[in-house]
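Scroll down for the structure; my scribbles are underneath it.
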Amino acid sequence: MRKVCIVVGSRANYSSIKSVMSEVQANPDLKLQLVVGASALLDRFGSVVDVIESDGFEPDAKITMIVEGETPGTMAKSTGLGLLELPTVFGMLKPDVVVSVGDRFETMATAVAAAYMNIPLAHTMGGEISGTIDESIRHAVTKLSHLHFPANQQAATRIIRMGEDPTMVHVVGCPRIDLVADIVQADGHLESPDWLEREGVGAHITLDKPFLLVSQHPVTTEYGQGEQQIVETLMALHELQMPTIMLWPNADAGSEDLSRGMRKFRETHQPEYIRFYKNFPIDTYVRLMLNCACAIGNSSAPLREGAYVGVPTVNIGTRQQGRDRADNVMDAHYDRCAIVAAVKKQLAHGRYPSNHLYGDGGAGVRIARILVESPLRVQKRLSY
């Protein structure tokens, strides 16, 4: 039985690996080891660990590794703190393979710790292109990893061009699409449940009218511009005056700038059409995406899951610059007029056909099977 250690550090991490966790847990040839840390433990980011536990997963370890401040310096220090804590956990759990998810700063700490400890490292969602520091982290983790699980052939080709062994690169799809596919097959309808009013702050929102779903995060390579950027988005929403569900930003450098802009906007305009939330359970977020009139912001979710469900999307700014996308995405600069114009075009267009650019819903099953069957080795060499 191979021990598979999965490290979850944020709400995005969890949605990106939940189906793999389920398949590993259910496989008699694998034993799931779960480490939860970083923003997934913090209340102001929605206490994702509570959602993880309510879904039936019991963490083997919890790691506090966030240095407060949300600056480039604190991101680097948080990575260092993770690198101090993770080797102790890996030494205790003695995993046969560690699974690292995506491109966040806690992912970097996971990859370095596993590599130095001669633990085979598997990496999901590698080989993709995007803006911010995420792309650099993603490719760095690829070079530290031994087993690769890209979402599509384009990403796999980039990984191989980086000198990785083609026999260790497996196109499996994105595990996040697995959750979407399950919900779509189960209808995906979303009523206005009690939690809509019980959770969050702001206006009274119901889901029986067309509504917007907004999620905008800091761009680490544009640190210091976040407040100005979010104000343009908020003023666009103020002009549109549609029922809006909006998430607070993630824990990256510049998060406080965006949060400050959102708080000032609430105090100044007291919008009767926006309700703000820290976090949603994954299933709820997917259903919101399935039912919203348009998704707005710079999260990767409307580009990845959004392609599968065909949600009209307005992608703002540079955070997802260069990322593979389907026809459902329209780009806009940090400009309220451009954002309003793009949203109106997407509202007029309506839903798009489903596109399997990031997977067909079977990634978790494929990854678990490969984790059982694949040879695991720690010695690496350029393959070209």
Side-chain angles (χ1 to χ4, degrees), residues 11-23 25-26 48 51-52 54-57 101-102 124-125 128 149-153 155 171-193 195-196 206-215 243 245 247 277 279-297 299-315 320 323-330 346-347 349-369:
R11 66 192 184 206
N13 266 180
Y14 183 46
S15 65
S16 298
I17 205 66
K18 180 183 176 182
S19 70
V20 178
M21 291 164 56
S22 297
E23 294 297 332
Q25 191 175 62
V48 180
V51 178
I52 293 171
S54 68
D55 284 343
F57 300 107
V101 185
T124 66
M125 302 165 64
E128 298 181 19
F149 296 128
N152 54 36
Q153 187 57 54
V171 178
V172 295
C174 176
R176 280 156 60 170
I177 304 302
D178 298 2
L179 308 178
V180 180
D182 289 344
I183 291 169
V184 169
Q185 291 168 11
D187 180 23
H189 186 65
L190 183 67
E191 301 287 348
S192 292
W195 56 259
L196 202 61
T206 62
L207 305 182
D208 53 2
K209 297 178 180 179
F211 67 93
L212 304 175
L213 180 62
V214 183
S215 180
I245 291 175
L247 283 164
Y277 295 85
N279 186 46
F280 289 118
I282 297 164
D283 291 359
T284 300
Y285 185 77
V286 171
R287 285 185 169 87
L288 286 168
M289 194 181 303
L290 272 166
N291 288 274
C292 73
C294 184
I296 303 169
S299 168
S300 65
L303 279 69
R304 304 176 71 92
E305 296 98 304
Y308 189 92
V309 303
V311 61
T313 296
V314 174
N315 175 60
Q320 303 300 333
R323 190 183 288 277
D324 297 324
R325 78 269 312 276
D327 292 338
N328 67 304
V329 181
M330 183 176 295
Q346 291 289 50
L347 292 173
H349 185 284
R351 309 299 289 192
Y352 287 79
S354 177
N355 187 302
H356 291 187
L357 174 64
Y358 284 99
D360 58 8
V365 172
R366 297 184 188 107
I367 290 173
R369 183 183 69 246

Evaluate the side-chain proximity of E23 to I367: yes if any heavy-atom separation is below 4.5 Å, no if none is.
no
Please report the closest heavy-atom contact between S54 and V51, naming both atoms and the distance.
OG-O, 2.8 Å
What's the spacing between D283 CG and S15 OG if we round to 0.5 Å?
10.5 Å
Side-chain (N328) to main-chain (V311) donor-acceptor, under 3.5 angstrom
yes
Out of curiosity, F211 CZ to T206 OG1, how far, rounded to the nearest 0.5 Å?
9.5 Å
Determine whether P150 and M125 make a side-chain contact, defined as any pair of heavy atoms from C-beta on separated by less than 4.5 Å.
no
Considering only heavy atoms from C-beta outward, does the side chain of P175 approach that of K18 to under 4.5 Å?
no
Strictly distance-based, threshold 3.5 Å: is any side-chain N or O of Y285 a donor or acceptor partner for the main-chain N or O of N279?
no
Show your reasoning for whether side-chain contact (heavy atoms from CB on, under 4.5 Å) applies to L288 and L207.
CA-CA 9 Å; L288 286 168; L207 305 182; 4.2 Å; yes
Could you tell me whether the side chain of V184 reaches within less than 4.5 Å of the side chain of V309, counting heavy atoms only?
yes
Looking at D178 and R366, does any basic side-chain N land under 4.0 Å from a carboxylate oxygen?
no
Check the orientation of Y308 and H356. Use parallel for under 30°, tilted for 30 to 60°, and perpendicular for over 60°.
parallel
Whether over 12 other heavy atoms sit under 6.0 Å from D55 CG:
yes
Hey, what's the ring geometry for H349 with Y352, parallel, tilted or perpendicular (30° and 60° as the breaks)?
parallel
Straight-line distance of S299 OG to R11 CZ, nearest 0.5 Å
8.0 Å
Do N355 and D327 have side chains that get closer than 4.5 Å, going by heavy atoms?
no
Quick one: are N315 and M330 in side-chain contact, heavy atoms under 4.5 Å?
no
Between N152 and L357, is there a donor-acceptor pair closer than 3.5 Å when you use the side chain of the first and the backbone of the second?
yes
Please tell me if the side chains of R176 and S300 come closer than 4.5 Å, counting only heavy atoms from C-beta onward.
yes
Using distance alone, with no hydrogens and no angle criterion, decide if R325 and T313 have a side-chain donor and acceptor under 3.5 Å apart.
no
Looking at P210 and P243, what are the two nearest heavy atoms and their distance?
O-CD, 3.6 Å
To the nearest 0.5 Å, how far apart are CD1 in I17 and OG1 in T124?
4.5 Å
Do L213 and N291 make a side-chain contact, defined as non-hydrogen atoms from C-beta onward lying under 4.5 Å apart?
no
Interatomic distance, CE@M289 vs CD1@I245, rounded to 0.5 Å, equals 12.0 Å
Rounded to the nearest 0.5 Å, what separation is found between the CD atom of E305 and the CG atom of L179?
8.0 Å
